[in-house]
Visitor: 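Pasting a structure here, questions to come.
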Amino acid sequence: MDEITSRYDPTGIEDKIYEFWLKEKLFTPDVNSKKPSYTITIPPPNVTGRLTLGHILNNTIQDVIIRYKKMNGYETLWLPGMDHAGIATQVKVEEDRLLPRGIKKHDLGREKFLEEVWKWKEEYANVIRAQLKKMGCALDWTREQFTLSEEYSKKVIRVFVELYHKGLIYRGERIINWCPRCLTALSDEQVETRETSGKLYYIKYPIKNSKDFITVATTRPETMLGDTAICVNPKDKRFQSIIGKTAILPIMNREIPIIADEYVDLEFGTGALKVTPAHDPFDFELSKKYNLTIINIMNPDGTMNENADPYRGQERFETRKKIIEHLKSLDLVEKIDNYTVPIGICERCETPIEPRLSKQWFVKMKPLAGPALEVVRDGRIKIYPKRWVNLYNHWLENVRDWCISRQLWWGHRIPIYYCKNCYHENDNETSKGIIVSETKPEQCPQCGSREISQDEDVLDTWFSSWLWPFATLGWPEQTQDFKRFYPTQTLATGWDIIYLWVARMIMAGLEFTKNIPFSNVVFHPMIRDEKGRKMSKSLGNSPEPMDLIAKYGADALRFGLMLITPREQDVLYSEKSIDVGRKFCNKLWNASRLIMTTFSDSPETLPTELTDFDLWLANEFNQLLKDLEYYLERFELNALARRLYDFVWHRFCDWYLEIIKIPPYNKQNASKYFLRQLLKLLHPFIPFITEEIYQKFSDDRKKSILLEEYAKPIKIKKSVNIVNETITLIEEIRNIRGLFSIPAQEMLNIIISTDEERQKFINKNNLLFQRLAKVSSIMFDSKPQTSVATIVLPQYVVYVILRGIDVEKEKKRLKSEIEFLTQRIDELKNRLNNPRYLNQAHIEIQQKEAKRLEESLIKIEYIKKAIANL
RNA sequence: GGGCGAAUAGCUCAGAUGGUGAGAGCGUCUGCCUUACAAGCAGAAGGUCACCCGUUCAAAUCGGGUUUCGCCCACCA
């Protein structure tokens, strides 16, 4: 045992143990076992880069759950994999790989570019694998999946085709969210809104053949170049005379009609709305309703195009400034107010999105939403914590169609083919010349032409991720894995992707497998820094998890995080908490060291003869098991971790281990048994150190702690009340020592008055008092001759003999105790005389309180006597 | 404009169906190098459980309202 140092150093141990687990194939389930299965599919990390602290949290939660389930008799599968993350990866490769070399994506061409991305993918997939292994994740690497693998892609395409034939996928020309930097369409869910301080510009539009103006208010004056109407509310008295007239669009000098529609808010701005159909969703609706001209004034990259001629080629926000200057010079700016403008930004690159009119592919979501709402409503899928159900329901009840086409190269190419003969871009009939097919058709089924081209766009990343729980398990084939492991049990993820991913997975599972994809959804919080700010690269408050592991060890990182992760609020991360995790590991390490050196002869199985203190710990242990089960069922891992921390430190180490160092318990105790049980309970949180300690046990053990049977409650036939009382006695004596500033070395003499049984127990455990409370002599039932401090407990009166006690201080202490007791007695008496209380309160509570009253009455008498004797 | 959540010790948070003198970690103070651990041990101080009203024999806990903070959703430009 001498190679075990007093400081736990995870260096080297963790890697070695992970290798061992892999070698023993502990993470690969036996598909033929008779055990019930328990499956988690990992939320696939993006191959964009390295794992963040958020991933550490997410994966620790899953690892804890899967390890507990394995030890509780389930055939577990935790399936790893990664997401190709279309936009993010493509943009990263462009910027990190091509830009430094001065290469542009289009110079390279689609195929060559994709080769580059695949290279990147391989590189980062390796990084991510290594990081998950460093963390200790019990992932079955033999089943790793990738959303853009050849096999997975087939499933994605199949789903597209199926939905198309069901009439749930269509192409439409609409205003969509466009990122001028990523140069692609985005779904509504990929756009974040941010309140920014902006301006509300009031611009005067001259009315034709008149000297009058109509003033409109806008936050985006640059779009005026594309205005094709002005709209007022038909009820608006101010504008009755000019409805139907024509205004002159300044700068462009275009004649535009003044129309009326109920939509326009009389209260806002001037009550007149400029209509820019190509750059605002509602204006677009208006244009359809009133057959207005649609003029697109912007290029995809956010610069002005030929339709905005004076400003052609200029950036949109620059244009805004210039247009205002221009209008000012024409004296057409009435005023400019400060105004808070909510703007949409690209969730990836934070560029303000541009509403852009274009043809995109959409999924009709309404038909899919109903069943998804139902399975949560009827409890087939449970969401933890419950409050997220509201958000889930709200989104599904108001779900809008999903724009799934992306103007990218990295992704699943849309399986739509156009016949050169039959298809015409501007046809209103949408299906003419369009062929949807899982494989490229040889010829057009309508005209037989062989000139067929595939849609250039790819699918939204989430269009592949939403199939994750079943596509990864073999679907659509009825594979052994699919039959055995689907539906899965639990999904753990952050609440931020409740719409993007979770709700859609539920919809997809129900639509394609006719089954729920998982039974439990565990939402965990987001990680923020100490000040509550989001982790971000620009703030530099996002620590590199691998550095933390190198510094503290993976166990410390995992446990520290679990200790500070609240159920319902964001995690406020600080490195200190990881240090707490490390200290805990060190504590466990040293406790094990004590047991394995000092008590090496004690049995690892539960001894048939348990000492009083073994029984005491057994009792505490049983309560611990109950609590752990309660928390685990509810996925309250934070409470679970805290409970374990508290038990190990403050019950096991502080009391039990201290006691068993003292004869006669040092000869015979159950410490090895308890340690073994505790290691098992701790293992899911801190897998490495628990395995390491476990391996150092005698040969009477399984290959790995992960194969151990879960801890069971211990049968206790005898009451442990006296032990509990003894601990309280010791605490009270220590407390007196502190109150009267008695030096730590000074041994105390005490007098105890109690019944015979308790006297016997105290005599038997005399040494405990000596060692833990520094009491040298205990006398029974004699009258104190000198000054004493008095402790009154339900079954005991203890006099601590003190030389030169501060009598006044003791009097004051006892008097305040009397005050407290008097108050309590009054309260309890009142209650016990209240008929309603007697009628309604639980009988156990009444008994408990009656006992408390009785004890308080006795106690107060003794304290009064003690004061009299002072 | 709707909806959700939070408010408990100096800080970060636990407190299960209402019932123990409201707890932990960190920080602060006091005393200890007690042969597992000074990354430790033994103590202490510090709380009208945001505020008001109500329900109840009994409220940190349940209901209503107020205030402050955070988040989500929403086509008033």
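Hydrogens, waters and symmetry mates are skipped; everything else that's a heavy atom, side chains included, is used. Predicted model only: the values in this text are computed from it and were never measured. Proteins get letters first, then strands, A, B, ... in listed order; numbering begins at 1 in each.
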Visitor: Check every atom of B:A77, B:A14, B:G19 against the side chain of A:T219 and return the nucleotide holding the closest atom.
Guide: B:A77
Visitor: Nearest whole angstrom, please: distance from the C1' of B:U35 to the CG of A:N590.
Guide: 13 Å
Visitor: Please tell me which of the listed nucleotides, B:U20, B:C32, B:C72, lies nearest to the side chain of A:R852?
Guide: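 Closest of the options to the side chain of A:R852: B:U20.
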Visitor: Less than 6.0 angstrom from the centroid, inside 45 degrees of the normal: does A:K335 satisfy that with respect to the ring of A:Y202?
Guide: yes
Visitor: Please give, in whole Å, the distance from B:G25 P to A:W649 CH2?
Guide: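 Spelled out: CH2 on A:W649 to P on B:G25 is 9 Å.
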Visitor: Between protein and nucleotides 60-63 of chain B, what N or O pairs are separated by less than 3.5 Å?
Guide:
none

Visitor: Measure from the side-chain heavy atoms of A:R831 and tell me the nearest of B:C37, B:C57, B:G43.
Guide: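 The listed nucleotide nearest to A:R831's side chain is B:C57.
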Visitor: Provide, to the nearest angstrom, the distance between the CG atom belonging to A:N735 and the C1' atom belonging to B:A42.
Guide: 11 Å
Visitor: So, is A:R642 close to the B:A14 phosphate, meaning a side-chain N or O under 4.0 Å from OP1 or OP2?
Guide: no
Visitor: Does any N or O donor sit under 3.5 Å from an N or O acceptor when you compare the side chain of A:Y837 with the base of B:A58?
Guide: no
Visitor: Picking from B:C41, B:G31, B:G19, which would you name as closest to the side chain of A:A744?
Guide: B:G31
Visitor: Would you kindly give the CG-to-P distance between A:N830 and B:A58, to the nearest whole Å?
Guide: 11 Å
Visitor: Pair A:T822, A:E819 - check side-chain hydrogen bond (donor to acceptor under 3.5 Å, both in side chains), show working.
Guide: CA-CA 5 Å; A:T822 313; A:E819 210 171 293; over 6 Å; no
Visitor: Would you please name every residue forming a side chain to side chain contact (heavy atoms under 4.5 Å, CB included) with A:P794, sequence neighbours left out?
Guide: A:E855
Visitor: Please give, in whole Å, the distance from B:U12 C1' to A:I564 CD1?
Guide: 9 Å
Visitor: A:V264 side chain: which of B:A77, B:A24, B:A16 is closest?
Guide: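 Nucleotide nearest to A:V264's side chain: B:A77.
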Visitor: On the nucleotide B:A14, are OP1 or OP2 found under 4.0 Å from the side-chain N or O atoms that A:N638 carries?
Guide: no
Visitor: Taking the minimum atom-to-atom distance to the side chain of A:H650, which one of B:A77, B:A36, B:G25 wins?
Guide: B:G25
Visitor: To the nearest Å, how far apart are A:I659 CD1 and B:U34 P?
Guide: 20 Å
Visitor: So, does A:K587 get its side chain near the phosphate of B:G40, meaning an N or O under 4.0 Å from OP1 or OP2?
Guide: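 So the side-chain polar atoms of A:K587 never come under 4.0 Å of the phosphate oxygens OP1 or OP2 of B:G40.
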Visitor: Respond yes when some side-chain nitrogen or oxygen of A:Y339 is under 4.0 Å from OP1 or OP2 of B:A77, and no when none is.
Guide: yes
Visitor: Classify the side-chain pair A:N233/A:D261 by whether it contains a donor and acceptor separated by less than 3.5 Å.
Guide: no
Visitor: What nucleotide among B:C75, B:C41, B:C4 has an atom nearest to a side-chain atom of A:N390?
Guide: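 Ranking B:C75, B:C41, B:C4 by closest atom to the A:N390 side chain puts B:C4 first.
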Visitor: If we call it a pair only when both distances are under 3.5 Å in a Watson-Crick or G-U wobble match, what pairs with B:A7?
Guide: B:U67
Visitor: Paired with B:A24 by Watson-Crick or G-U wobble geometry, both distances under 3.5 Å: which nucleotide is it?
Guide: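 Looking at the geometry, B:A24 pairs with B:U12.
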Visitor: Where the side chain of A:P566 is defined as all heavy atoms beyond and including C-beta, which of B:C73, B:A36, B:A14 is the nearest nucleotide?
Guide: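 Between B:C73, B:A36, B:A14, the one nearest the side chain of A:P566 would be B:A14.
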Visitor: Measure the distance from CD1 on A:I845 to P on B:U56 and round it to the nearest whole Å.
Guide: 18 Å
Visitor: Name the residue closer to the 5' end of RNA chain B, choosing between A:L739 and A:R582 according to the nucleotide with the nearest heavy atom.
Guide: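 Whichever sits nearer the 5' end wins; that is A:R582.
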Visitor: Determine which nucleotide pairs with B:G47, using a 3.5 Å limit on both distances of a Watson-Crick or G-U wobble pair.
Guide: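 Because no pair has both required distances under 3.5 Å, B:G47 counts as unpaired.
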Visitor: Any idea which of B:A74, B:G43, B:A36 is nearest the A:R400 side chain?
Guide: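 Given the options B:A74, B:G43, B:A36, the side chain of A:R400 is closest to B:A74.
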Visitor: Tell me which nucleotide among B:A42, B:C13, B:A77 gets nearest to the side chain of A:Q569.
Guide: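 Closest nucleotide to the A:Q569 side chain: B:C13.
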Visitor: Measure from NZ or CZ of A:R737 to the centre of the six-membered ring of A:F740, then state whether that distance is under 6.0 Å and the direction lies within 45° of the axis.
Guide: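 Negative - A:R737 is either too far from the ring of A:F740 or too far off its axis.
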Visitor: Taking any strand in view, what nucleotide pairs with B:G1 in a Watson-Crick or G-U wobble way, both distances under 3.5 Å?
Guide: B:C73
Visitor: What's the separation between atom NE2 in A:H524 and atom CG in A:L561, rounded to the nearest 0.5 Å?
Guide: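 So the NE2 of A:H524 and the CG of A:L561 are separated by 11.0 Å.
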Visitor: With a 4.0 Å cut-off on heavy atoms, is A:K661 in touch with a base, just the backbone sugar-phosphate, or nothing at all?
Guide: base
Visitor: Between B:G1 and B:C11, how far apart are the two C1' atoms, rounded to whole Å?
Guide: 36 Å
Visitor: Can you tell me the base-pairing partner of B:C57? Count Watson-Crick or G-U wobble geometry only, both distances below 3.5 Å, and say none if there is no partner.
Guide: B:G19
Visitor: Does NZ or CZ of A:R7 lie under 6.0 Å from the centre of the six-membered ring of A:W589, at an angle within 45° of the ring axis?
Guide: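 Here A:R7 fails the 6.0 Å and 45° test against A:W589.
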Visitor: Whole Å only: how far is the CD atom of A:E195 from the P atom of B:G70?
Guide: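 Those two atoms, CD and P, are 12 Å apart.
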Visitor: Between A:R771 and A:T270, who's closer to the 5' end of RNA chain B by nearest nucleotide?
Guide: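 Nearer the 5' end of the strand: A:R771.
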Visitor: Under 3.5 Å for both donor-acceptor distances, Watson-Crick or wobble: does B:A38 have a partner, and if so which one?
Guide: none
Visitor: Expressed as a whole number of Å, how far does the P atom of B:U17 sit from that of B:U61?
Guide: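 My reading of the P atoms in B:U17 and B:U61 gives 14 Å.
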Visitor: Work out how far the P atom of B:C52 is from that of B:U8, and round it to whole angstrom.
Guide: 15 Å
